[in-house]
K.L.:
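My questions will all concern the structure given below.
Note that the coordinates shown come from a computational prediction; the quantities given were computed from them, not determined experimentally.
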Amino acid sequence: MAESGTTITWEDFEKIEIRVGTIVDIEDFPEARKPAFKLKVDLGVAGIKSSSAQFTKFYSKPELLGRQVICVCNFPPRRIGPFISEVLTTGFILEDGVVVLAIPERPVPNGTRLA
């Protein structure tokens, strides 16, 4: 994690592909070291991508299904146990390690890129 006060250039920011998507499928992820869900996120033009997300404390599977989330789409795929996570579903990590979802303020089309 970058320390507060670290600066990047506009060109650095433009390299990050951040898009909105809708959670279309969700499963428990019992093999994960920390409690997590396995998500399928519809990112519109970018397709449906998988993501491992540690949102189990504040959110149930029914609450998450159909919810829009903000994803970083251009990290390389990451193996988490037997699962391949293709995008990073973003959230805010609280002091106790609990994660709160980062979500759009109102519905936007899946695949819309953050500007």
Side-chain angles (χ1 to χ4, degrees):
M1 176 165 41
E3 293 182 26
S4 180
T6 301
T7 59
I8 63 172
T9 66
W10 183 255
E11 290 77 21
D12 291 333
F13 177 73
E14 287 179 321
K15 293 177 188 176
I16 305 169
E17 185 181 335
I18 302 171
R19 295 184 182 273
V20 68
T22 299
I23 298 172
V24 294
D25 189 38
I26 183 167
E27 297 178 20
D28 292 322
F29 191 5
E31 304 91 353
R33 284 185 292 158
K34 294 181 181 178
F37 292 124
K38 294 190 273 188
L39 309 177
K40 292 287 183 185
V41 182
D42 181 351
L43 292 156
V45 296
I48 295 176
K49 303 291 183 179
S50 60
S51 181
S52 171
Q54 297 175 0
F55 301 135
T56 60
K57 178 71 174 181
F58 287 146
Y59 308 97
S60 67
K61 290 189 293 187
E63 282 180 290
L64 289 171
L65 191 62
R67 183 174 283 211
Q68 285 199 302
V69 290
I70 299 169
C71 298
V72 177
C73 297
N74 60 336
F75 281 128
R78 181 174 179 192
R79 178 173 290 285
I80 302 170
F83 184 72
I84 302 293
S85 185
E86 299 173 289
V87 297
L88 172 69
T89 303
T90 61
F92 300 95
I93 302 172
L94 305 180
E95 287 183 19
D96 60 359
V98 174
V99 181
V100 176
L101 276 173
I103 58 173
E105 184 265 334
R106 61 186 65 193
V108 295
N110 288 339
T112 300
R113 189 166 179 173
L114 181 75

K.L.:
Between Val100 and Ile23, is there a shared hydrophobic cluster once you connect ILVMFWY residues whose side-chain heavy atoms come closer than 4.5 Å?
P.N.:
yes
K.L.:
Once you measure the plane-to-plane angle for Tyr59 and Phe55, does it fall in the parallel (<30°), tilted (30-60°) or perpendicular (>60°) bin?
P.N.:
perpendicular
K.L.:
What's the separation between atom CD1 in Ile16 and atom CD1 in Ile8, rounded to the nearest 0.5 Å?
P.N.:
5.0 Å
K.L.:
Is there a donor-acceptor contact under 3.5 Å from the side chain of Gln68 to the main chain of Val108?
P.N.:
yes
K.L.:
Would you indicate whether Leu65, at its atom CG, is surrounded by more than 12 heavy atoms from other residues, nucleotides or ligands within a distance under 6.0 Å?
P.N.:
yes
K.L.:
Ignoring hydrogens and geometry, is there a side-chain-to-backbone donor-acceptor pair from Ser51 to Val87 under 3.5 Å?
P.N.:
yes
K.L.:
Can you tell if the side chain of Asp42 reaches within under 4.5 Å of the side chain of Ile48, non-hydrogen atoms only?
P.N.:
yes
K.L.:
Quick check: is Ile70 connected to Ile93 through a chain of hydrophobic side chains (ILVMFWY, heavy atoms under 4.5 Å apart)?
P.N.:
no
K.L.:
Do Val69 and Val41 make a side-chain contact, defined as non-hydrogen atoms from C-beta onward lying under 4.5 Å apart?
P.N.:
yes
K.L.:
Less than 4.5 Å apart, side chain to side chain, heavy atoms only: is that true for Arg78 and Leu88?
P.N.:
no
K.L.:
Give a yes or no on whether Leu94 and Phe37 share a hydrophobic cluster (residues Ile, Leu, Val, Met, Phe, Trp, Tyr; joining criterion: side-chain heavy atoms under 4.5 Å apart).
P.N.:
yes
K.L.:
Going by an N to O cut-off under 4.0 Å, is there a salt bridge joining Lys61 and Asp28?
P.N.:
yes
K.L.:
Between atom CG of Leu43 and atom SG of Cys73, what is the distance when rounded to the nearest 0.5 Å?
P.N.:
4.5 Å
K.L.:
Kindly say whether Glu17 contributes a backbone atom to a donor-acceptor pair with the side chain of Asn74 at under 3.5 angstrom?
P.N.:
yes
K.L.:
Got a donor-acceptor contact below 3.5 angstrom from the Glu86 side chain to the Ser50 backbone?
P.N.:
yes
